[in-house]
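A quick write-up on the structure given underneath.
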Amino acid sequence: MRQQTWFLNADPASDGFQYIEDLATAYWFSEILFTALDLQLFMHLDEGKNMVASLAEASSSKKPELYRLLRCLERMALVSLVDNYWMNNPLASRYLVPGKVDYMGDFFLYRRYMQPNWQKLTVKVSGGNEKEVQTLSYSQRNYLYVRAMDTLACQKAREIADCLGMARIDGPVLDVGGGAGSMVRALQKSNPDLQGTVFDLPEVINAARTLYSDEAHWQNIRTMDGDFRSASFEFEFGLIILSNFLHAYGPADARTLLLKAISLLKPDGLILIHDYFPDRKGISPQKGAMYDLSMMLNTFDGACHETSAIREWLEEGGIGQTSIKDLGTDTSLILVGGDPQLHINKDPWINLAMQLGFEQAMTISPGEVVTGSWVQHKCRYGCANFGKNLQCPPHAMAHEETRKMLDDYSTAVLVQGQPPGKSFHEKLLTLEKRMFLDGYHKAFVFGAGPCTVCADCPEDGKCRHHNLARPAMEGSGIDVYATTAQVGWSLAPVQNKDGYIKYFGLLLVN
């Protein structure tokens, strides 16, 4: 099905800043596309150079940096990673491979040549003259940076404080790389007596003190400057915050810094890691991978680290209890230790579905699943394989039976994936099994399209693998188009043979 772009999903009624932030970084998308065309990645993938090593050699690229670029192209739906092999998605294969009939790469690259004039738009609209770019001193640039980051921190801090809710938080608090201290102030709103230490580089602390010059802003907050790796602290902390901090460092340094934070934690203390994680999708699936490239371009060796790596470092430091929460904006939280209430996962199946590799997952009410008698007639009169698969009509459940089954459940999860169909089906079965073993004894999945367990169904009409076979959503009378529309997901018929394909599955939970 057609891939819908993020800006088409904008809600004009939303009062959040995320859509505007996405607009401000929209040029990231085009620069990634231009770089991939410059390196002829789509051509090399089409030639069968599908491993990072062979692709790096063909494109004269460095393997670690190339992998980070490919990860972004994957989130942009131009390439896919299947069993460690990178490959073009149909859209890229059709339009971005030189020599193919519909190749348009040179046209897209021409857009880059128009880019400099777009930077003159303000002058053109205002009718003014181009002004000289003011040369700022380091301290002036640093102040502007701290002020800009504090603007973002004020927004994020409220959201993070809400995530912590009523969980018990014992101080004192250490905010490492805490900038102007907005995170501590947000926590103090619900706990005014909370003592906090904001630690950052000396020039950042000086800028923070200038930005918040009234001492009232520093009530119960002390500032401390230096290099965190070598700094000494007088006591342990009940809460340590690492917000947008670890991504400024490469893996080796980030690990060292995290282990240092663990050493400063009280026995029952909490570590809050807030960052962009390339392996999380959240509300902005592309942002973690793209922010990683931003770190590669704007820092010495910064990188956005995957949650799996951070969990390994935490376990090395002797902490195993963690949970991950995607914010309503483009970042996520890793909560480590602390109050057990923080780790109660209300929707454990969502994290599990994403870990298994589904593109999207959403908890819905079974009442939102639309069924109808017409759906199975589309199979009868529109499918060349009608009657040949035992999990499809006329052998499948009638829509009335499906509706009755749905009404036996209170919770369902809609998941989205992509071909190959057999791999999608196996993920569904794993999801169902894991939920069953976790205590959800009613767990049951509906798949997408004809059953893929066997190449052909037995001629005697008796399924040989009831343990693996599952009915298809549409084959059981579920209107997939209307159901996905109910939850705000885009779905449209494929217009040509190389269109982007989406698969949808349904997990009934309890």
Side-chain angles (χ1 to χ4, degrees), residues 5-7 17-39 41 52 61-79 111-112 115-116 118-119 136 138 141-142 144-156 159 176-179 200-201 204 242-255 257-258 273-310 326-327 329-334:
T5 45
W6 55 269
F7 52 82
F17 69 90
Q18 186 59 56
Y19 172 63
I20 303 174
E21 152 66 0
D22 289 341
L23 290 179
T25 54
Y27 65 95
W28 292 5
F29 289 80
S30 58
E31 290 300 332
I32 290 168
L33 172 61
F34 295 152
T35 297
L37 288 169
D38 281 340
L39 297 174
L41 297 184
V52 171
S61 303
K62 295 179 287 187
K63 286 189 289 186
E65 287 78 2
L66 178 61
Y67 171 76
R68 294 163 79 171
L69 178 65
L70 287 168
R71 192 162 53 184
C72 289
L73 292 170
E74 180 187 26
R75 292 297 171 85
M76 290 166 60
L78 293 177
V79 303
R111 296 299 192 194
R112 172 192 277 169
Q115 207 173 59
W118 276 88
Q119 297 175 10
L136 301 176
Y138 174 76
R141 284 189 286 114
N142 179 69
L144 293 176
Y145 168 78
V146 173
R147 186 177 69 180
M149 292 302 101
D150 187 63
T151 301
L152 177 63
C154 288
Q155 296 284 345
K156 295 282 188 177
E159 190 177 6
V176 183
D200 217 314
L201 298 172
V204 173
L242 303 174
S243 179
N244 289 336
F245 176 69
L246 294 178
H247 69 222
Y249 302 89
D253 283 339
R255 170 186 166 277
L257 291 163
L258 184 54
I273 304 171
H274 166 237
D275 220 316
Y276 296 88
F277 303 108
D279 56 340
R280 298 296 296 183
K281 295 188 176 179
I283 195 170
S284 296
Q286 305 91 350
K287 204 59 173 289
M290 290 187 172
Y291 208 90
D292 174 55
L293 288 191
S294 181
M295 290 298 99
M296 184 171 74
L297 294 169
N298 293 295
T299 65
F300 174 67
D301 67 344
C304 292
H305 311 287
E306 296 193 352
T307 56
S308 56
I310 291 177
D326 294 318
L327 298 183
T329 49
D330 58 359
T331 47
S332 303
L333 295 179
I334 300 179

Are any of the side-chain heavy atoms of [X] and [Y] separated by less than 4.5 Å?
X      : Y      : value
Cys72  : Gln286 : no
Leu293 : Trp28  : no
Met149 : Tyr145 : yes
Phe277 : Cys304 : no
Phe17  : Leu152 : yes
Ile273 : Phe245 : no
Leu78  : Leu33  : yes

Please report the closest heavy-atom contact between Ala36 and Leu73, naming both atoms and the distance.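 Reported closest heavy-atom pair: CB-CD1, 3.9 Å.
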Closest heavy-atom contact between Thr307 and Ile334?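 Smallest interatomic distance, heavy atoms only, reads CG2-CD1, 3.9 Å.
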Might you work through the side chain to side chain contact (heavy atoms under 4.5 Å, CB included) test for Ser308 and Asp279, ending with a clear yes or no? CA-CA 8 Å; Ser308 56; Asp279 56 340; 4.2 Å; yes
When rounded to the nearest 0.5 angstrom, what distance separates [atom1] in [X] from [atom2] in [Y]?
X      : Y      : atom1 : atom2 : value
Asp326 : Leu333 : CG    : CG    : 9.0 Å
Arg75  : Ile32  : CZ    : CD1   : 11.5 Å
Lys63  : Leu70  : NZ    : CG    : 13.0 Å
Asn244 : Thr331 : CG    : OG1   : 6.5 Å
Leu201 : Asn142 : CG    : CG    : 8.5 Å
His305 : Leu258 : NE2   : CG    : 9.5 Å

side-chain contact (heavy atoms from CB on, under 4.5 Å) involving [X] - partner list, sequence neighbours excluded:
X      : result
Ser61  : Leu39, Ser59, Leu66
Ser284 : Gln18, Asp22, Lys287, Asp330
Thr151 : none
Phe34  : Ser30, Glu31, Leu109, Arg111, Arg112, Gln115

Could you list the residues that satisfy side-chain hydrogen bond (donor to acceptor under 3.5 Å, both in side chains) with Asp292, not counting sequence neighbours?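 With sequence neighbours excluded, Asp292 shows a side-chain hydrogen bond (donor to acceptor under 3.5 Å, both in side chains) to Arg68, Arg71, given in chain and number order.
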Can you list the residues that meet the side-chain hydrogen bond (donor to acceptor under 3.5 Å, both in side chains) rule with Thr329, with sequence neighbours excluded?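 side-chain hydrogen bond (donor to acceptor under 3.5 Å, both in side chains) check on Thr329 returns Lys156, Glu159.
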Does the separation of the ring centres of His247 and Tyr291 fall below 6.0 angstrom? yes
Quick check: are there more than 12 heavy atoms from other residues, nucleotides or ligands sitting under 6.0 Å from CG of Leu297?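 Count over threshold, so yes.
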Side-chain donor or acceptor of Ser294 paired with backbone N/O of Met290 under 3.5 Å: no
